[in-house]
Amino acid sequence: MLKIYNTLSRRKEEFKPINPPHVGMYVCGPTVYGDAHLGHARAAITFDLLYRYLKHLGYKVRYVRNITDVGHLENDADSGEDKIGKRARLEELEPMEIVQRYTNSYHHNMEQINTLSPDIEPHASGHIIEQQVFTEKILKNGYAYESNGSIYFDVEKYNQKYHYGKLSGRKLEDLISNTRDLEGQEEKRHPYDFALWKKATPGHIMKWPSKWGEGYPGWHIECSTMSTKYLGDIFDIHGGGMDLLFPHHECEIAQSTAALGKESVRYWMHNNLITINGQKMGKSLGNAISLNEIFSGNHRLLEKAYSPMAVRFFILQAHYRSTLDFSNRAIQSSEKGLERLLEGMETLKKIKPATTSTYNPEELSKKCMEALDDDLNTPVLISHLFEGVKQIHLIASGKGSLSADDLQKMKGLYDTFVFDILGLEPEEKQAQSAITEKLVNLLLDLRLEAKKRKDFDTADNIRAHLLENGIEVKDTPGGYEWQWK
RNA sequence: GGUCGGUUGGCCGAGUGGUUAGGCAACGGUCUGCAAAACCGUGUACAGCGGUUCGAAUCCGCUACCGACCUCCA
């Protein structure tokens, strides 16, 4: 039975869909004004894992992940400007050109790390009207007010009936004393009120007409609007990064509750952040490593390039609710661990069935399921898979055996957990043309003959040269194996 | 300042009242012409101080340190 940690209750809860076998799942996607970084990968992989596992359990999942392509307010010296618009001016591009470029780039990266596409990927810019309608509902219910062409959410009014801060564990009184003074807040009744619709300043390039004048939607309204549009007023799971918990998700709850009179989300799930040298990685901190940089090794903090699968495995080796500290050393150990796991699966393929079994794959399978059922505990799952690899080697070296039936189960288990659920895939080996293969085999045949003559100088020479060219040779009794390194 | 979370062996990272997490690295051995791979074996880990308990890394309290959120962020 699957248990997931619900941020709302701060404990693990049994997962019960509202309308089984259907599951609705909404995840906050990227704001497309820059390349995706490690943090985007972690969120995407966390919820990809959940998506894959729910499907494995037989649920019919609708996975919705948005693309934020409407500029949000940026709070720096150029306050009032939005990110996408600012980027567009710098690069002298149409805002939608920026959006398209980074959306494409995001999709490409997500494909590289082997995440499945969401079933629906709504764009905020394609739902301006819905967001206006949603805002009107909140206005009509009396939880928002118009001020100088902008619409703000009335947090205090809301808090009289509901609890603003229930998700992040805050009280309004605390918020009152802790809200920073920001520019341009005279329009708001209270500093913690937030915009549902913002009037466009003259220089603002991304804007749409509305009954309140030219403007653009507020920071949080797109998620309330699009999640309920595609998943219904009440749906099962809402996910996102820990950093979105407040204020973003808190505001979402307030908006949806104010508009619909009920809470939309049953289970709130948050993945933790990736740190670099113990510090949060973030664009604003300038220490974010983009996925393109990781895959190319082109970043001052990187000793070398790391493959998409090394990144995926690295992320899965930590529990999604723990911070994960990135370092060359840490990801290199994951890289090697993944190799060992995949090689174990190759070894498994070569095992010949026996009449009896010394190992029970079903117990392993059970333990793996239990790990996932326990709030997606992938590190424990992976540790079980490594235990299994130990058994595979034992059996392959003749110190154990598997019946044909158990062998089949073992293979099925690994395919299911490693490929289908963890979403790992064998590294792409260097393209092997038939002619290369023949030449390598020819060299190794010659080496074998040299070895028979006890001409070890020649044999070692061939092996060393092949290794220089990325080919690793392993001797076997009376023969050899080789692979691209 | 407020709120929340963390501190596990050389590194990463699970666990959470009594039993080996796991990976990487290291060391010894088997195998090998030598390697590689594989296998076998090896680590007196739970920030500090008190308390509860037959028993605590795990519960409680205090202290120290680190981090996150409170501002756009995965």
Side-chain angles (χ1 to χ4, degrees), chain A residues 10 27-31 33-34 36-47 68 71-76 79 82-83 165 168-171 173-175 177-180 182 192 219 239-248 250 270-275 278-285 288 313-314 317-319 321-338 340-341 343-344 347 371 374 377-387 389-390 392-394 396-399 451 454-456 459-460 463-464 467 472-477 480-483:
Chain A
R10 312 245 159 197
V27 175
C28 287
T31 302
Y33 68 103
H37 54 67
L38 271 174
H40 292 102
R42 189 171 201 195
I45 287 168
T46 297
F47 294 103
T68 298
H72 285 171
L73 275 177
E74 199 170 13
N75 175 46
D76 55 17
S79 84
D82 79 58
K83 283 179 176 174
S168 54
R170 280 153 219 257
K171 294 194 182 86
E173 306 90 76
D174 299 336
L175 289 166
S177 54
N178 286 313
T179 306
R180 287 203 329 190
L182 298 173
Y192 39 76
W219 313 351
M242 208 86 113
D243 49 348
L244 297 175
L245 216 153
F246 189 89
H248 185 58
E250 199 71 72
H270 293 93
N271 63 277
N272 215 317
L273 309 183
I274 286 184
T275 57
Q279 227 201 1
K280 184 180 97 148
M281 190 185 77
K283 279 177 197 163
S284 46
L285 296 167
F313 193 65
F314 171 67
Q317 265 191 310
H319 185 87
R321 282 193 289 115
S322 301
T323 52
L324 172 59
D325 198 46
F326 179 87
S327 68
N328 283 282
R329 203 173 171 185
I331 193 169
Q332 277 168 27
S333 73
S334 293
E335 202 175 35
K336 287 185 183 155
L338 174 61
R340 188 170 128 86
L341 179 62
E343 277 179 17
T347 306
D374 185 14
N377 199 328
T378 50
V380 166
L381 164 63
I382 290 168
S383 81
H384 293 323
L385 292 173
F386 276 118
E387 290 291 333
V389 167
K390 221 171 201 175
I392 288 169
H393 290 314
L394 222 57
S397 63
K399 292 185 187 114
K451 277 176 69 183
K454 307 241 184 254
D455 178 4
F456 296 121
D460 289 352
R463 185 172 61 194
L467 189 60
E472 188 184 53
V473 180
K474 291 182 205 169
D475 288 345
T476 59
Y480 55 80
E481 284 176 2
W482 64 273
Q483 62 178 15

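All figures in this text were calculated on a predicted structure; none of them were measured in a lab. The chains referred to below are lettered A, B, ... by the order of the sequence lines, with proteins before strands, and numbering in each begins at 1.
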Classify A:Leu324 by what it touches in the nucleic acid, base, sugar-phosphate, or nothing, heavy-atom distance under 4.0 Å.
sugar-phosphate

Could you verify whether a donor N or O on one side chain and an acceptor N or O on the other, from A:Glu481 and A:Thr476, lie under 3.5 Å apart?
no

5' to 3', nucleotides 16-24 of chain B under a 4.0 Å protein heavy-atom cut-off (B base, S sugar-phosphate only, - none) gives -----BSBS

Within the 4.0 Å heavy-atom criterion, would you say A:Leu245 contacts the bases, only the backbone, or no part of the nucleic acid?
nothing

Contact class for A:Thr46 vs. all strands (heavy atom < 4.0 Å): base, sugar-phosphate, or nothing?
nothing

Atom P, compared across B:A45 and B:A21: separation rounded to whole Å:
10 Å

Taking the six-membered ring of A:Phe386 as reference, does the cationic atom of A:Arg340 (NZ for Lys, CZ for Arg) lie under 6.0 Å from its centre and within 45° of its axis?
no

Under a 3.5 Å cutoff, is there a donor and acceptor pairing between the side chains of A:Arg329 and A:Ser327?
no

Reading nucleotides 26-35 of chain B from 5' to 3' and marking B where a protein heavy atom lies under 4.0 Å of the base, S where only the sugar-phosphate is that close, and - otherwise, the string is -------BBB

Please work out if A:Lys399 contacts a base, only the sugar-phosphate, or nothing of the nucleic acid, heavy-atom cut-off 4.0 Å.
sugar-phosphate

Report which part of the nucleic acid A:Leu341 touches: base, sugar-phosphate, or nothing (heavy-atom distance under 4.0 Å, all strands).
nothing

Base, sugar-phosphate alone, or nothing: which one does A:Ser322 contact when heavy atoms must sit under 4.0 Å apart?
sugar-phosphate

Look at A:Asn272 and B:G5 and indicate whether a side-chain polar atom (N or O) is within less than 4.0 Å of OP1 or OP2.
no

Under a 3.5 Å limit on both distances, the Watson-Crick or wobble mate of B:U42 is B:A26

I'd like the C1' distance from B:G22 over to B:G18, given in whole Å.
22 Å

